[in-house]
Amino acid sequence: MFQPAPGNVSFPKQEEETLEFWRERRVYEKTLQRRAGQPKFVFNEGPPTANGLPHPGHCLTRAIKDVFPRYRTMRGYFCERQAGWDTHGLPVEVEVCKELGIHAKEEIEAYGIEPFIHKCQASVWRYMKEWERLTERIGFWIDLGSAYVTYHQSYIESVWWSLKQLFDRGLLYKGHKIVWWWAQGGTALSAGEVGQGYREVADPSVYVRFPLVGEENASLLVWTTTPWTLPSNQFAAVHADMEYARVSDEQTGQRLILAAALVETLAKKLKRELTVEETFPGSALLGKRYIPPFNYYYQTLGKKTGALKEGGVEHLAWRVVAAEFVTLESGTGVVHQAPAFGEDDFNVLQGERARFQADAGPELICAVGPDGRFTAEAGEWQGRWVKDADKEITRNLRDRGLLVHQEQYIHNYPFCWRADQDPLIQYPRESWFIRTTAFRDRMLENNRRINWLPEHIRDGRFGNFLESNVDWALSRERYWGTPLPIWVCEKTGMMEAVANYDDLLKKPGAAGAEVWEQAKQANPELVEDLKVHKPYIDAVTYDSPFAHGARMRRVPEVIDCWYDSGAMPFAQLGYPHCEKEKFEQQFPADFISEAIDQTRGWFYSQLAISTMLFGDEQHVTDDTPLHEFPHPFRNCIVLGLMLAEVGVCDKCEQRYNDPSVAKCEKCGGNVSRRTEKMSKKLRNYREPQEIFDRYGADALRWYFFANQTPWSSIIYSERAIKEKIPEFLLRLWNVFSFFVSYSNTSGFDPADLLAGEAGQLKPETLRTAAGYRPFEERNELDRWVLSELNRTAAAVVERMDAYDNFVACARLNEFVDALSNWYVRRSRDRFWENWRREGESKTFTNLDLASIPKLDAASREKLDGYWTLYECLTTVSKLIAPFTPFLAESLWRNLTGVFGPRAEESVHLCDYPTGDASAVDAQLSDRMRLVREIASLGLSVRADKKLKVRQPLSKAEVILSDTLHQAWLESHDALLRDELNVKQIEYTQETEKYVNYQVVPNFRLLGPQLGKLMPKVQGALKKINPGELLASLNATGEAKLTIDGQEVTLSSESIEVRLQAKEGWAAAQGHGGVVVLSTELTPDLLREGYARDLVRFIQERRKEMNCQYDDRIAVVVGVDAPELGQAFKENEAYIRNETLAVEFAVSPLKNAQAADQQLAGQPLTLDVQVAGA
RNA sequence: GGGCGCAUAGCUCAGUUGGUUAGAGCGCGUCGCUGAUAACGACGAGGUCCCAAGUUCGAAUCUUGGUGCGCCCA
């Protein structure tokens, strides 16, 4: 007996039980053991940070990350899954600062770096429990116990090893980086933080003259909104291809040079005429020298030149250069360049430097200190806060006649999000860089070999990003991060990199480790990993090999935490300090997946690090292995963003987090749905846990997998998740529930019929069961559904191998639909078989095995039906296992539980079905499709003519577009007769009576042949007599047309015949043909219809009475209308059989008032009693 | 400002290499079924495939330009 499977199942509850089962039986571990030694499928987990709560977006990534490893495991691969946590970085520090109520770096240092670090380490695990719960609940099978953690010593030492490789190869260097700088706090802000602090402000907008050297009274006219950067001016930039003009200003007698297109705009501002004297391209200005507005630097450097690489010399600064970013949007088309205070400007400087020989180019000029105040180099402005100096600088320029115009400029400018009165400034900081630009081409090549899904990422967003690669700014002036493992000689400034802690302590004269030892002694709870962190690691120094008596001290910086995560392919194992061999076996990864926001994050950091370390034989050291592209991953699914769905009132903008609200509670206006970014602040989404509790993890997973391609942005819509349940999960459950209840009542128990090991219930095992007949002996419907099953399995495997979960799910959905809506629907009669035979309660229970071959035909067919459905359901549970692992497990455990230990305990231990090609019957598929189409057309006619299906009709006539399958259909029309409730189906020859023919060319075939002739052939076919054409085709296999004197030969493949039903018939047309129903209702047919109506009344009554399936009843029908009485009498056998009525009587209606039913407009009473009760 | 992507039914989304009745689910309407039954099914209505131009015998699909939206970067 199968466990009962009621229709009103609670999936969430069932899932919790399944989780318990998996835990208890250690099923995940068993799936790994089962595949030990098999080929590997390598999945790498991109580490999330556990210091924030998981949200719905994480559910998507976790679901996608789960489905492919599960699938591959079932396909026979050994797929270990190591979890990981990203633990370093500014977000952690910010959280701790919040907790401590402090902001600035000074405050952190005042609090003490040591306790601060301890707090960071603890804070990292704040939401660990929530993450682990989510991971388990959504069914993401991954080894949490062996998770890699980026702050662990072994991880950090792997990172150190890689950095030492880069350092030793000369790929790490110190340079400047322009950052958004909070001067008051003394810290740089990340892009995300800067983005939060934009505000609209009014800044001075000044137009300043830069007099040209050696040109009479002519000046460049430059525009800036940051006058305080003028003392640090180094260049003026123009666009080489834009047109410039020299204009004369009559009032001042000055001649100004600016973009020609902006002359008029400027004239309006100045409210006076400017006369254009000459125009020329920007390229004509290149190289011209000018006198900057302040001469602090100019007085010493103004005349200096340097040697160029290409030969010759050039002035270091204060000349015109070309830049692409110069536009006509605002200003004058001549842009003041202060490389210290803008990234674009800085890049210009870098470009200039690259033209000079080593160390001969211009240095960065910066007249501002890190505190945001002018330095001594700025003369009179020294000590002034730069933003305060704007006004005075402007006045100074006016006094000296350099200011041409001044106004207010309103724009967005960033302020510190922690101190909103403090404007940020762009400021150069010393930083360590990785020379990634040297690997640009190799990264591009590597990228080309990666299978990106969607494809456009490769040459689009990611490829473009790689094309414009700049050196990786690696270092951070922060506290909680992987320390940069570089030690500097205090005397010579010479440096070396260290690959691990032991090496460090073995250095000659190493000292300082005791700082850690003492801390550990004072507080034994400190985790050992902290010893490789600040401040302990900073205490470790050693004797300089470069200068006698000098010490080596570590640089103060930590590194970008993206480097941490990018090192994950080897650092998760602690490579190369350990697990060397294992790393070799699992590199590169077969599969990774994250959302699109990781393009410049984890996708890039992995690719860059891997390309530099493992890809370039010229630089590689002896013990570093080389790898063929692609690495470090072969396939990557880039997920779309997840959006929240909310309701917003059209009138008053009131927000509703439940998008199903239709009327505004405040103003009564219409609430319309809107999608927007998910936001923790707005809480505009439902917590994942609530979704699990209401609908279950499978519902959410199926929604993610089956509703859209993974890369389209996904709307996290509760309604949509809910709606997916009946379409697939519940439909499948209903089929299963149907199977279980009938099997139990009929006594079908596969465990009784199948001896020995049942294992995975594979086809070869099923074939050994008693009563399991070979396909070819079963009926058409069984063969059809098994063919569809195997076709589906093959298609799903094909799609999943290509990482296409969406189409795979569509295939599964189609099959479950076919199983439910055609196979079960059309097979119900068979499953009911035994109840229909009055007085017979024969079931398969305790069936003598030897007597099975002697079963009568009906019983055999019934047994076939059970075996077929059983095979479909067990196979489907395997097929859906990677997608909806919970439902799959519930189905499997119930379907195979009857075998006890003879069957596999979990569906996830099974092999994935790949489809048996020999069981696929394409012709049968086509035929069944045709049958379903004809049935559909027939039902369409009935609906159109208001002829309910219960009313039998005498005949349906079918005219097929293509008579290929006609003979088969004729010999298999019982199914259609039953479905359409007609007495006879005729494949009529009198086609002209019902239909018009239309001959349409096969464009795909003829198009390439005929080219321009195509429309004319199309026109000719419209006019032609189709009968003659078809006759010719039938007789000779071809037909000829003459178009424009040219003969065109048509074969039967080159045309398609379409049928159109003529007016006046109850007919419907489709691709396959036309169905015409005979609508004449004879008294016989009507009476039969009445009998069916009565059966329905009685069945309804049985249901109301809560009859058992096999209860026998006694029925008395009270009716006066003679035609009804006659109808019931004539069809008594049918009525008794359908309703299990052992007694059936028709009596005159006693009291018309008491009639509880109406049939054909006549009153009727119904008295139903359980027989013998 | 630059890059990338998206735009198809009321909603959420599919749509292979260009091929002539553009699909699915939900919703809606009509009806059916009633021993899968707090289910289920059928049928139907609903589309200028964002706009415009081009390439082509033929464009939802390719090209260009525009419009709107989103993301990333500046």
Side-chain angles (χ1 to χ4, degrees), chain A residues 5 7-8 191 324-325 327 329 342-344 454 456-457 459-465 467-468 595-597 599-600 640-641 643 645 673 675-677 703 706-709 711-715 717 719-720 722-724 726-728 730-731 733-742 745 806-807 810 813-814 817 820-821 824-825 828 831-832 835-836 935-944 946-950 979 1000-1018 1056 1058 1068-1071 1095-1100 1102-1103 1107-1111 1138-1140:
Chain A
N8 58 350
E324 289 290 320
F325 57 76
T327 67
E329 286 290 305
E343 208 174 330
D344 277 342
H456 61 73
I457 298 287
D459 297 321
R461 190 175 280 218
F462 197 64
N464 286 338
F465 173 63
E467 291 276 358
S468 54
I596 193 163
D597 55 359
T599 310
R600 285 151 196 255
L641 277 152
L643 301 171
E645 189 185 38
R673 265 193 260 275
T675 56
E676 58 186 26
K677 259 182 126 166
Y703 171 68
N707 203 48
Q708 64 278 301
T709 52
W711 42 84
S712 59
S713 59
I714 292 173
I715 297 165
S717 151
R719 188 176 53 102
K722 190 174 155 189
E723 279 169 359
K724 277 276 153 187
E727 183 195 326
F728 183 73
L730 202 56
R731 184 181 276 159
W733 182 264
N734 279 330
V735 173
F736 166 70
S737 167
F738 170 88
F739 170 80
V740 165
S741 45
Y742 279 81
T745 326
F806 178 73
V807 173
N813 196 33
E814 273 166 33
D817 179 63
S820 169
N821 292 334
V824 170
R825 199 158 94 90
R828 276 196 283 202
F831 291 103
W832 302 340
W835 289 298
R836 296 208 169 192
S936 170
L937 288 172
L939 290 169
S940 165
V941 179
R942 275 187 173 274
D944 189 44
K946 306 261 180 236
L947 294 164
K948 58 186 178 184
V949 181
R950 228 177 295 134
E979 179 72 12
V1000 185
N1002 179 342
F1003 287 92
R1004 187 168 265 182
L1005 197 76
L1006 290 177
Q1009 283 173 28
L1010 298 175
K1012 295 199 179 194
L1013 231 48
M1014 194 70 238
K1016 291 187 175 167
V1017 171
Q1018 185 180 9
E1056 188 191 327
R1058 287 198 191 140
Q1069 68 206 350
H1071 282 104
V1095 167
R1096 171 170 142 59
F1097 288 149
I1098 298 171
Q1099 301 289 34
E1100 198 163 298
R1102 283 185 64 115
K1103 190 176 128 197
C1107 284
Q1108 293 301 302
Y1109 284 181
D1110 51 358
D1111 279 346
E1138 287 296 313
T1139 61
L1140 303 188

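Values below: every heavy atom of this structure, side chains too, minus hydrogens, waters and symmetry copies. A note on names: the letters A, B, ... follow the listed sequences, proteins ahead of strands, and every chain is numbered from 1.
Atom NZ of A/K724 sits about 11.5 Å away from atom OG of A/S717, to the nearest 0.5 Å. Atom CD1 of residue A/I715 and atom OH of residue A/Y703 lie 6.5 Å apart, to the nearest 0.5 angstrom.
Distance from the side chain of A/I596 is smallest to B/rC71 among B/rU17, B/rU12, B/rC71. Listed candidates were B/rA36, B/rA14, B/rU17. Nearest to the side chain of A/Q708 is B/rA14. Comparing atom distances between the A/R600 side chain and each of B/rC13, B/rC73, B/rG70 picks out B/rC73 as nearest. Looking at the side chain of A/R719, the nearest of the listed nucleotides B/rG70, B/rC11, B/rA74 is B/rC11. For A/T709, taking side-chain heavy atoms from C-beta onward, the closest of the listed nucleotides B/rU20, B/rU12, B/rA14 is B/rA14. In the set B/rC4, B/rU12, B/rA74, B/rA74 carries the atom at the smallest distance from any side-chain atom of A/E343. Checking B/rA14, B/rA36, B/rG3 against every side-chain atom of A/N464, the shortest atom distance belongs to B/rG3. Checking B/rG25, B/rU17, B/rC4 against the side-chain heavy atoms of A/E727 singles out B/rG25 as nearest. Among B/rC72, B/rA14, B/rG5, the nucleotide with an atom closest to any side-chain atom of A/R461 is B/rC72. The listed nucleotides are B/rG3, B/rA14, B/rG32; the one nearest the side chain of A/V949 is B/rG32.
When the C1' atom is used for both B/rG70 and B/rC50, the distance is 16 Å, rounded to whole Å. Comparing the same atom, C1', in B/rG3 and in B/rU48 gives a spacing of 32 Å after rounding to whole Å. Between B/rU20 and B/rG1, the two C1' atoms lie 44 Å apart (nearest whole Å). Nucleotides B/rA52 and B/rA14 place their P atoms 25 Å apart, quoted to the nearest Å. For the P atom pair drawn from B/rG23 and B/rG47, the interatomic distance equals 14 Å after rounding to whole Å. Using P as the reference atom, B/rG27 and B/rC40 are 10 Å apart when rounded to the nearest Å. Look at the C1' atom in both B/rA39 and B/rG46: the space between them is 28 Å, to the nearest Å. With P as the reference atom, B/rG41 and B/rC4 are 45 Å apart, rounded to whole Å.
Residue contacts shown for A/V735 include a base, since a base heavy atom lies under 4.0 Å away. A/V824 comes within contact range of at least one nucleobase, with a heavy-atom separation under 4.0 Å. Nucleic acid contact for A/S713: sugar-phosphate only, since backbone atoms but no base atoms lie under 4.0 Å from a heavy atom of the residue. Nucleic acid contact for A/S712: sugar-phosphate only, since backbone atoms but no base atoms lie under 4.0 Å from a heavy atom of the residue.
Across all non-hydrogen atoms, the minimal contact from A/T599 to A/F462 is O-CE1, 3.2 Å. Scanning all heavy atoms of the two residues, the minimum distance from A/A5 to A/W733 falls at CB-CZ2, 4.0 Å. The shortest non-hydrogen separation linking A/N707 to A/F806 is C-CE1, 3.7 Å. The shortest heavy-atom contact between A/P1001 and A/M1014 is CB-CE, 3.7 Å. When all heavy atoms are compared, the tightest approach of A/D459 to A/N464 is O-OD1, 3.7 Å. When all heavy atoms are compared, the tightest approach of A/G640 to A/A595 is O-CB, 4.3 Å.
Between A/F462 atom CZ and B/rC73 atom P there is a gap of 14 Å when expressed in whole angstrom units. When the P atom of B/rU34 is taken as reference, atom CZ of A/R1096 falls 7 Å away, rounded to whole Å. One can place OH of A/Y703 at 20 Å from P of B/rA24, the figure rounded to the nearest angstrom. The nearest whole Å value for the distance from the NZ atom in A/K722 to the P atom in B/rG27 is 10 Å. As rounded to whole Å, 15 Å separates atom P of B/rA14 from atom CG of A/N813. We find that CZ of A/F806 is positioned 5 Å from C1' of B/rA14, with the value rounded to whole Å. In this structure, A/I714 atom CD1 and B/rA14 atom P are separated by 10 Å, rounded to whole Å. When rounded to the nearest whole Å, the span between CH2 of A/W711 and C1' of B/rC6 equals 14 Å.
Taking A/N813 as the reference, A/E727 meet the side-chain hydrogen bond (donor to acceptor under 3.5 Å, both in side chains) condition, with sequence neighbours excluded. By the side chain to side chain contact (heavy atoms under 4.5 Å, CB included) test, A/S713 is found to be paired with A/L643, residues two or more places apart in sequence or in another chain being considered. Taking A/N821 as the reference, A/D817 meet the side-chain hydrogen bond (donor to acceptor under 3.5 Å, both in side chains) condition, with sequence neighbours excluded.
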| note | Given protein heavy atoms under 4.0 Å, the one-letter contact record of nucleotides 54-60 of chain B, with B base, S sugar-phosphate only and - none, is simply ---B---

| note | Scoring nucleotides 40-45 of chain B by protein non-hydrogen atoms under 4.0 Å (B base, S sugar-phosphate only, - none) yields SSSS--

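Judged by distance alone, with hydrogens and angles left aside, the side-chain atoms of A/S741 form a donor-acceptor pair with the main-chain N or O of A/S737 at under 3.5 Å.
Where pairing requires Watson-Crick or G-U contacts shorter than 3.5 Å, the helical stems of RNA chain B with at least three consecutive pairs are B:1-7 with B:67-73, B:10-13 with B:23-26, B:28-32 with B:40-44, B:50-54 with B:62-66.
Heavy-atom nearest nucleotides on RNA chain B were determined for A/V807 and for A/G460, and the one closer to the 5' end corresponds to A/G460.
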